[in-house]
Amino acid sequence: MKTMLRKPVLVLLFVTVLAPIVLYTDTLATFSTDEFIPNASIELSASLKARQLNEESKGVDTVVFQDDNPIKQVSHKLQEANDGDIEVETKQEVQKVGKRELAKAKSKKPDEHVLTDSRVRYLKDQLIRGRLYHSLSATRSNALFIRELRLRMKEVQKALGDATKDADLPKNAYDKQKAMDQTLAKGKEIQDDCPAVVMKLRAIILSTEEQLRVHQKQALFLTHLTAKTVSKGLHCLPLRLSIEYYSLNSSAKQFPNQENLDDPKLFHYALFSDNVLATAVVVNSTVTNAKDPSKHVFRIVTDKLNYAAMRMWFLANPPGKATIQVQNIDEFTWLNASYSPVLKQLASQNMIDYYFKTHKTGESDSNLKFRNPKYLSMMNHLRFYLPEIFPKLTKVVFLDDDIVVQKDLSGLWSVDLKGKVNGAVETCGENFHRFDRYLNFSNPIIAKNFDPRACGWAYGMNIFDLEEWKKQNITEVYHSWQNLNHERRLWKLGTLPPGLITFWKQVYPLEKSWHVLGLGYNPSVSQKEIERAAVIHYNGNLKPWLEIGIPKFRGYWNRYVDYDQAYMRDCNMSP
């Protein structure tokens, strides 16, 4: 008698407990999401993007986390069932839970978010369970049941359509749900081969895990590809600005207040960028929040391709009483391969082969962030030559072009760096922001000179004491480490690893509210942190000017973009 009762209980366990585990995975493994679950691909994409971003920020390759392994979850639940420690979630219990959730929703304040997709998810659950029964031999041999099951699945799929919340469902959705429940109950009665159910579920999970790995790799590649691309509007804008600039006469091409450029008593900012719109947001946000804009001087360096466009933008949109200078990096004749090791390396055949894979060297970097074109641009390395670029200045604030300034920054110049060269916000709140995530500590040179647990710090908003820089001969320190890393054995491409090395023991930690990071990869950055911050930084791939930017953070950037400006309208650019 005990044996006879055990099989129905296990069947009920598999159908009511394990079927939801493969809510989306069975769908991916057995049929197209476009055909049966229209929103599954969207939800999967969001999940993959969040995981990819977290891994990208940590500097690790995409992996499948073992703690999330569905097979282990299945095995664990089966073990608990055999030990009698698990209660089977019956249909009546689900209804009770639904009633409790409804009561909670009614008790919530009007401005609180209420989930309204419970019926949509339940219908998708039904489709998954239907696919399971459709694939089992015991139920497939019952032609009458299979015919009815296919009909019910088509009805449920039609009722679902493109619905993402319960309000989108047609009026007959409940009737279709009820009919499907009755059909699934018949399938439960027909199917009594528990081992077959287990094997099928495990096959589905294994197949889906493999597909998940493929999708993760594709998502990572596509995210990097999107981050490197230039939208139609951003491509149009510099072209129109350049055309307009070359139509001006020479007198109209000059900026006012150029006598302020060498005044060390003013507040000088260094921006190195080839992105006109991003630079405009940095300048606009800084000036808007400045107590006295006339004391702020912006020293912009760009490349030859965007030089005319950058100048034209600020000629057409002068930043109030602030001073603007735009320079072309090609004008720095002192910056050549004989002086700069990194410039020599960037132009070497070895680096070209590494980046473009023109030859199969056997070296493979699965982390695609090292293939970003910015790492081949000397613009990215100008931050190590601040005293050479601004020889008459004593202090300068370095700003990345993917930041937004929300408060007056003039207080930075009064911060006592206590003899340090670089004032920066430390980022060692997480393990992946320590030195061992950026440097190769298996190399004896690195292991001997640095602490693997030392705190990292952030580029993007830094105050540099240029007089102390010269005393400490920081540029030569940078050159010596670049020479040692000519084969990339100490670190890969980028500017943060050599920055950590160059400014070792030369960083003064600023209060964290000066600079909040993560808006380009971490959706969990709190609103309180953002509102408290003087500078918010969209570091990561999800830039606010790209469609893949995190929507809830884009507004902080958009408020400093004038979409009514003539050039913006001509290029059909909108929020």
Side-chain angles (χ1 to χ4, degrees), residues 260-274 279 282-283 286 295-303 310 323-336 339-343 346 374 377-403 405 409-410 412-425 457-482 494-508 510 514-515 535 537:
N260 293 336
L261 295 178
D262 295 325
D263 187 348
K265 296 179 181 179
L266 299 180
F267 307 134
H268 294 261
Y269 301 92
L271 286 84
F272 309 135
S273 176
D274 58 2
T279 304
V282 175
V283 173
T286 306
K295 293 184 178 181
H296 295 259
V297 182
F298 297 91
R299 316 291 293 270
I300 301 167
V301 180
T302 189
D303 56 17
M310 193 76 75
T323 302
I324 285 283
Q325 180 193 40
V326 178
Q327 293 178 280
N328 183 351
I329 189 175
D330 289 346
E331 296 174 359
F332 301 154
T333 54
W334 52 267
L335 189 59
N336 50 58
Y339 174 66
S340 171
V342 69
L343 188 59
L346 292 176
K374 72 178 182 179
S377 172
M378 194 58 200
M379 292 281 296
N380 205 41
H381 295 266
L382 284 180
R383 62 193 71 186
F384 294 103
Y385 296 98
L386 293 175
E388 288 80 8
I389 299 173
F390 311 118
K392 297 183 180 180
L393 300 184
T394 57
K395 281 189 176 181
V396 66
V397 167
F398 168 78
L399 297 177
D400 262 338
D401 65 359
D402 54 352
I403 62 104
V405 177
L409 297 183
S410 56
L412 283 171
W413 277 264
S414 61
V415 173
D416 182 4
L417 298 181
K418 303 195 182 296
K420 305 294 185 182
V421 178
N422 178 9
V425 170
W457 47 267
Y459 264 130
M461 195 287 298
N462 309 76
I463 175 75
F464 288 103
D465 185 334
L466 301 186
E467 291 185 326
E468 196 64 36
W469 182 310
K470 295 172 187 176
K471 289 180 184 178
Q472 301 292 336
N473 209 5
I474 294 297
T475 302
E476 286 306 312
V477 173
Y478 167 68
H479 283 174
S480 64
W481 281 106
Q482 282 289 356
T495 52
L496 182 55
L500 297 176
I501 289 178
T502 300
F503 295 102
W504 172 246
K505 296 184 178 180
Q506 292 293 336
V507 178
Y508 176 79
L510 298 176
W514 276 111
H515 186 192
V535 170
H537 195 170

Side chains of [X] and [Y] in contact at under 4.5 Å (non-hydrogen atoms):
{"X": "Phe267", "Y": "Ser410", "value": "yes"}
{"X": "Leu261", "Y": "Phe390", "value": "no"}
{"X": "Asn462", "Y": "Trp457", "value": "yes"}
{"X": "Leu510", "Y": "Met461", "value": "yes"}
{"X": "Trp334", "Y": "Glu388", "value": "yes"}
{"X": "Ile474", "Y": "Phe464", "value": "no"}
{"X": "Tyr269", "Y": "Leu412", "value": "no"}
{"X": "Val282", "Y": "Phe298", "value": "no"}

Task: salt bridge (Lys or Arg N to Asp or Glu O under 4.0 Å): pairs with one or both residues in residues 469-479, sequence neighbours excluded - done: none
Might you point out which heavy atoms bring [X] and [Y] nearest each other, and give the distance in Å?
{"X": "Met379", "Y": "Asp303", "value": "SD-N, 4.0 Å"}
{"X": "Tyr459", "Y": "Gly499", "value": "OH-CA, 3.9 Å"}
{"X": "Gln482", "Y": "Pro341", "value": "CB-CB, 4.0 Å"}
{"X": "Asp401", "Y": "Ser273", "value": "OD2-OG, 2.6 Å"}
{"X": "Ala458", "Y": "Ala424", "value": "O-CB, 3.9 Å"}
{"X": "Arg299", "Y": "Val297", "value": "CD-CG1, 3.7 Å"}

Atom [atom1] of [X] and atom [atom2] of [Y]: how far apart are they, to the nearest 0.5 Å?
{"X": "Asn380", "Y": "Leu496", "atom1": "CG", "atom2": "CG", "value": "10.5 Å"}
{"X": "Leu382", "Y": "Ile389", "atom1": "CG", "atom2": "CD1", "value": "4.5 Å"}
{"X": "Leu271", "Y": "Gln325", "atom1": "CG", "atom2": "CD", "value": "12.0 Å"}
{"X": "Ile403", "Y": "His515", "atom1": "CD1", "atom2": "NE2", "value": "7.5 Å"}
{"X": "Leu386", "Y": "Lys395", "atom1": "CG", "atom2": "NZ", "value": "14.0 Å"}

With sequence neighbours left out, write down each residue that passes side-chain hydrogen bond (donor to acceptor under 3.5 Å, both in side chains) with [X], or none if nothing qualifies.
{"X": "Thr286", "value": "none"}
{"X": "Tyr508", "value": "none"}
{"X": "Trp469", "value": "Thr475"}

- [ ] Give the ring-plane orientation class for Phe272 versus Phe398, where under 30° counts as parallel, over 60° as perpendicular and anything between as tilted.
- [x]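 Geometry flag for Phe398 against Phe272: tilted rings.
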Task: side chain to side chain contact (heavy atoms under 4.5 Å, CB included) assessment of Trp504 paired with Ile501 - done: CA-CA 5 Å; Trp504 172 246; Ile501 289 178; 5.8 Å; no
- [ ] Measure centre to centre between the rings of Tyr339 and His479, then say whether the value is under 6.0 Å.
- [x] yes
Open item on the list: Can a donor-acceptor pair be found, under 3.5 Å and without considering hydrogens, that links the side chain of Thr302 to the backbone of Asn328?
Closed with: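 No; zero donor-acceptor contacts below 3.5 Å.
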Open item on the list: Is it the case that the side chain of Lys420 and the backbone of Lys505 share a donor-acceptor pair, with hydrogens and angles ignored and the cut-off at 3.5 Å?
Closed with: yes
- [ ] Verify side chain to side chain contact (heavy atoms under 4.5 Å, CB included) between Thr394 and Leu466, making sure each step is shown before the conclusion.
- [x] CA-CA 5 Å; Thr394 57; Leu466 301 186; 5.8 Å; no
Open item on the list: Is there a side chain to side chain contact (heavy atoms under 4.5 Å, CB included) between Val421 and Glu468? Walk through the geometry before answering.
Closed with: CA-CA 6 Å; Val421 178; Glu468 196 64 36; 3.9 Å; yes
Open item on the list: Show, in sequence, the C-alpha distance, side-chain angles and deciding distance for Met378 and Ser340, and conclude whether the side chain to side chain contact (heavy atoms under 4.5 Å, CB included) test is met.
Closed with: CA-CA 10 Å; Met378 194 58 200; Ser340 171; 3.6 Å; yes
Task: With Asp274 via salt bridge (charged side-chain N to carboxylate O under 4.0 Å, His left out) - residues at least two apart - done: none
Open item on the list: Asp400: which residues meet the salt bridge (charged side-chain N to carboxylate O under 4.0 Å, His left out) condition with it, sequence neighbours left out?
Closed with: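 For Asp400 the salt bridge (charged side-chain N to carboxylate O under 4.0 Å, His left out) partners, ignoring immediate neighbours, are Arg383.
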